[in-house]
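Right, one structure below, let's go through it.
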Amino acid sequence: MPLKVYNSYTRTKEVFTPITPGHAGMYVCGPTVSGESHLGHARPYITFDFIYRYLTYKGYKVRYVRNITDAGHFEEEGKEAEDKVSKKAILEKLEPMELVQKYTNLFHWAMLQFNCVEPSIEPTATGHIVEQISMIEKIIAEGYAYEVNGSVYFDLKKYAATHEYGKLSGRVMDDLLETTRELDGQQEKRDKADFALWKSAAPEHIMRWKSPWGEGFPGWHIECSAMATKYLGAEFDIHGGGMDLQFPHHESEIAQSTICNHHTPAKYWIHNNMITINGKKMGKSYNNVIKLTEMFSGNHPLLTQAFSPMTVRFFILQSHYRSPVDFSSEALLASEKALKRLWEAYEVLKKLPVGLNEEAADAALNSKVVQWLNEFDEFMDDDFSTAKILANMFELAPVINGIKDGHIAPGALAATTLVLLQQQFKTYMEDIFGLTHSTGADDNTLQGVMQLLIDIRKEAKIRKDYSTSDKIRKQLATIGIELKDEKDGSMSWNK
RNA sequence: GGUCCUGUGGCCGAGUGGCUAGGCAAAGCUCUGCAAAAGCUUCUACAGCAGUUCGAAUCUGCUCGGGACCUCCA
């Protein structure tokens, strides 16, 4: 079954055919490490994480490049050419690179919390100044960029005359000329819409590098083009990022790379939608961000409680990556409970004994189960429809619980079906969706202590000493361990 | 102002022509020392108006509402 992905560039779902058979190259715009990551940032990284995991599952050897933007960009017009990173550094009295390091570490910590697989290469913008400069030189040599007062600009009008500028973001060149607002250095550009490839640095600018045009720093768009080209080649398979980056960032990348490499950079453009809060995009400009640290601690006015990274991850998986998703404490709480239910069913499933029956006693149920399971790959192949797979998992949960409770006869499903059920849940829950759950079962000390408590509680129950048995259960609950009495008289627990 | 997207039951959210999405919440029942969990059952919606069609949440038009981008933004 071929994988189909929605290509923002052509606005259609296309069959994914990699440039090099068996391999897939994917570039995703990474964070600007001038501040702490917030909930909105979580979406692309979790989205491209399951995309990466799925490509791997499909058998592709994937090179996943995600950059760190550690050289800042311009502030508003009117102020001196200031760099976001260096400005903040002065405020916090830190070296720019100290700040960059701090937020990079924090970002990596958050990715670890979300169980995101590390990218194959995580290049930094400051580490690729040389590549960026040589790319700019090539663009100048091609005649599509010009130097003014130590800055270099891309000649958009010339490019648009012979290339499709605006195709990705659905923009018309003439409109851009009309609506582009006044930016710093506007008067030295040939055309208002031209964007900077290299900016001359004002004296107070801390982050600066030598270049053929004087000391300065690279423009915003060139870093991604340079690093993507270096590690993935002139043409690669997938370029990803948030929808809000389509214009001008990705559009400009296409222009630069096309001139420099004589080829449009990415074959498939994949963009995730935004996380909104009360219907508004979560973003710095709206002042409505919930930082990830606040999310995990519950320390924010909009949060009624702390939410674990896995709850957030599940929340994101529950909607399609191209749909906007609205955040609320209520919605997160629903996800938390849903995930718990699913995870418990999965734990039950893992322990379900597989019989030897070749024939399913309940053929109708058996074929339904098989169909639900086969649909996992189908749904994923259809532009990563994670929500539909979860819906199927919730259809399967009562079947799993039913077998355990004895509602459904042990032989209702064929042994092969049960094995498939176990395999698919493991593959999807853990390998593709990247969900994890610490049950404490891997902790031998805890295991021993729990066994002791369970034994004592069992004895108390036999004596009908319910105050003791209730006390054990209640006390454990206060430290986050849930003890359950099973129908057969045994007890189970989880953290 | 321009370009584009969107409006689904109490809440969140799948779904592009015909078949119960799913989750959470709520109600009832079963199980149970109690509890939790689980199981069964109930709740069956597609902003409004008009049109196309044998048939529309799904296509078209209009109206109303929400949003994104056009500027740093995931």
Side-chain angles (χ1 to χ4, degrees), chain A residues 11 28-32 34-35 37-48 69 72-77 84 166 169-172 174-176 178-183 193 220 240-249 251 271-276 278-286 289 314-315 318-320 322-328 330-342 344-345 348 379 385-395 397-402 404-408 461 464-467 469-470 473-474 477 482-487 492 494:
Chain A
R11 291 169 195 241
V28 176
C29 290
T32 301
S34 62
S37 299
H38 60 73
L39 181 60
H41 296 114
R43 193 158 194 203
Y45 305 128
I46 291 172
T47 298
F48 289 101
T69 299
H73 309 304
F74 317 125
E75 281 292 356
E76 294 165 27
E77 125 99 7
K84 243 199 219 163
S169 54
R171 238 143 276 248
V172 180
D174 293 343
D175 294 340
L176 291 172
E178 290 308 310
T179 57
T180 303
R181 75 168 202 166
E182 294 294 311
L183 280 171
W220 176 35
M243 256 180 181
D244 51 350
L245 294 180
Q246 274 186 358
F247 188 90
H249 186 54
E251 205 70 73
H271 290 99
N272 64 275
N273 215 313
M274 303 289 106
I275 288 184
T276 61
N278 295 323
K280 273 252 184 291
K281 174 183 154 185
M282 187 177 286
K284 274 180 252 176
S285 23
Y286 295 110
V289 301
F314 187 79
F315 174 66
Q318 265 185 309
S319 62
H320 189 90
R322 282 191 290 117
S323 298
V325 59
D326 197 52
F327 164 86
S328 67
E330 210 185 347
L332 259 287
L333 192 63
S335 291
E336 182 181 276
K337 291 189 177 174
L339 175 59
K340 185 167 187 275
R341 176 173 151 78
L342 203 55
E344 279 175 14
V348 167
F379 291 154
S385 299
T386 53
K388 285 186 178 178
I389 294 164
L390 289 175
N392 275 20
M393 285 181 168
F394 281 109
E395 295 279 11
V399 176
I400 295 165
N401 290 324
K404 182 200 170 200
D405 287 357
H407 250 102
I408 296 168
K461 279 186 75 171
K464 295 206 190 303
D465 176 6
Y466 295 123
S467 73
S469 72
D470 287 353
R473 191 172 59 199
K474 262 186 209 160
E482 191 183 32
L483 199 62
K484 282 194 271 189
D485 292 331
E486 300 294 341
K487 289 217 166 90
S492 66
N494 63 69

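Keep in mind that what you see is a predicted model, and the values were worked out from it rather than measured. Protein chains get the first letters and strands the later ones, always in sequence-line order, with residue 1 at the start of each.
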Query raised in the report: Do A:Met274 and A:Arg43 have side-chain heavy atoms sitting under 4.5 Å apart?
Result: no
Query raised in the report: About how many Å separate NE2 of A:His271 and CD of A:Gln246, when rounded to the nearest 0.5 Å?
Result: 4.5 Å
Query - Separation between the P atoms of B:C19 and B:A26, rounded to whole Å - result: 31 Å
Taking only N/O atoms, report every protein-nucleotides 19-21 of chain B pair under 3.5 Å with atom names and distance.
none

Requested in this report: Pick base, sugar-phosphate or nothing for A:Gly170, based on heavy-atom distances below 4.0 Å to the nucleic acid.
Outcome: sugar-phosphate
Query raised in the report: Looking for any heavy atom pair under 4.0 Å, which part of the strands does A:Ile275 touch: base, sugar-phosphate only, or nothing?
Result: base
Query raised in the report: Taking 4.0 angstrom as the limit, do A:Glu336 and A:Lys340 come out as a salt bridge?
Result: no
Query raised in the report: Base, sugar-phosphate, or nothing for A:Lys281, non-hydrogen atoms under 4.0 angstrom?
Result: base
Query raised in the report: What does A:His320 touch in the nucleic acid at a heavy-atom separation under 4.0 angstrom: a base, only the sugar-phosphate, or nothing?
Result: sugar-phosphate
Query raised in the report: Which distance, rounded to the nearest 0.5 Å, do you find between the NE2 of A:His249 and the OG of A:Ser169?
Result: 13.0 Å
Report summary line: Per-nt protein contacts along nucleotides 36-45 of chain B (heavy atom under 4.0 Å; B base, S backbone sugar-phosphate only, - none) come out as BSSS------
Requested in this report: Considering only atom P, compute the distance from B:G9 to B:U44 and round it to an integer number of Å.
Outcome: 13 Å
Report task. Mark yes or no for a side-chain to base donor-acceptor pair under 3.5 Å between A:Arg473 and B:A35, with no hydrogen or angle criteria applied. Result -> yes
Requested in this report: Mind checking A:Met243 for me? I need base, sugar-phosphate or nothing, with any heavy atom below 4.0 Å counting as a touch.
Outcome: nothing
Report task. Write down the distance separating the P atoms in B:U6 and B:G15, rounded off to the nearest Å. Result -> 11 Å
Requested in this report: Tell me, please, which residues at least two apart from A:Tyr45 pass ring pair (Phe, Tyr, Trp, His ring centres under 6.0 Å).
Outcome: A:Phe107
Report task. Flag the pair A:Val325 / A:Gln318 as yes when at least one side-chain heavy-atom distance between them is below 4.5 Å, and no otherwise. Result -> no
Query raised in the report: Should A:Lys461 be listed as having a side-chain N or O under 4.0 Å from OP1 or OP2 of B:G33?
Result: no
Query raised in the report: According to the Watson-Crick and G-U wobble definition with distances under 3.5 Å, which dot-bracket string, read 5' to 3', encodes RNA chain B, using [ ] for crossing pairs and | for pairs with another strand?
Result: (((((((..(((.....[...))).(((((.......)))))....(((((..]....))))))))))))....
Query raised in the report: Which value, in whole Å, describes the distance between the C1' atoms of nucleotides B:C46 and B:A57?
Result: 4 Å
Query raised in the report: Touch check for A:Val348, heavy atoms < 4.0 angstrom, all strands: base, sugar-phosphate only, or nothing?
Result: nothing
Query raised in the report: Stacking between A:Phe394 and the base of B:G23 (centre distance under 5.5 Å, interplanar angle under 30°)?
Result: no
Query - B:A14 phosphate, OP1 or OP2, under 4.0 Å from A:Ser323 side-chain N/O - result: yes
Query - Nearest listed nucleotide, side chain of A:Tyr45, among B:A74, B:C12, B:G33 - result: B:A74
Query - Listed partners of A:Thr276 passing side-chain contact (heavy atoms from CB on, under 4.5 Å), at least two apart - result: A:Asp326
Report summary line: Sorted by chain and residue number, the side-chain contact (heavy atoms from CB on, under 4.5 Å) partners of A:Ser323 (sequence neighbours excluded) come out as A:His320
Query raised in the report: Using atom P of each nucleotide, how far apart are B:C5 and B:C11 to the nearest Å?
Result: 27 Å
Query - B:A45 and B:C70, which share atom name P, separated by this distance in whole Å - result: 40 Å
Query raised in the report: Looking across every strand, which nucleic acid part, if any, lies under 4.0 Å from A:Met282 by heavy atom: base, sugar-phosphate, or nothing?
Result: base
Report task. Could you measure between the two C1' atoms, the one in B:A37 and the one in B:C54, and give it in whole Å? Result -> 49 Å
Requested in this report: Would you mind reading off the distance between A:His41 atom NE2 and B:C72 atom C1', rounded to a whole angstrom?
Outcome: 11 Å
Query - Span that lies between the P atom of B:U41 and that of B:A35, in whole angstrom - result: 23 Å
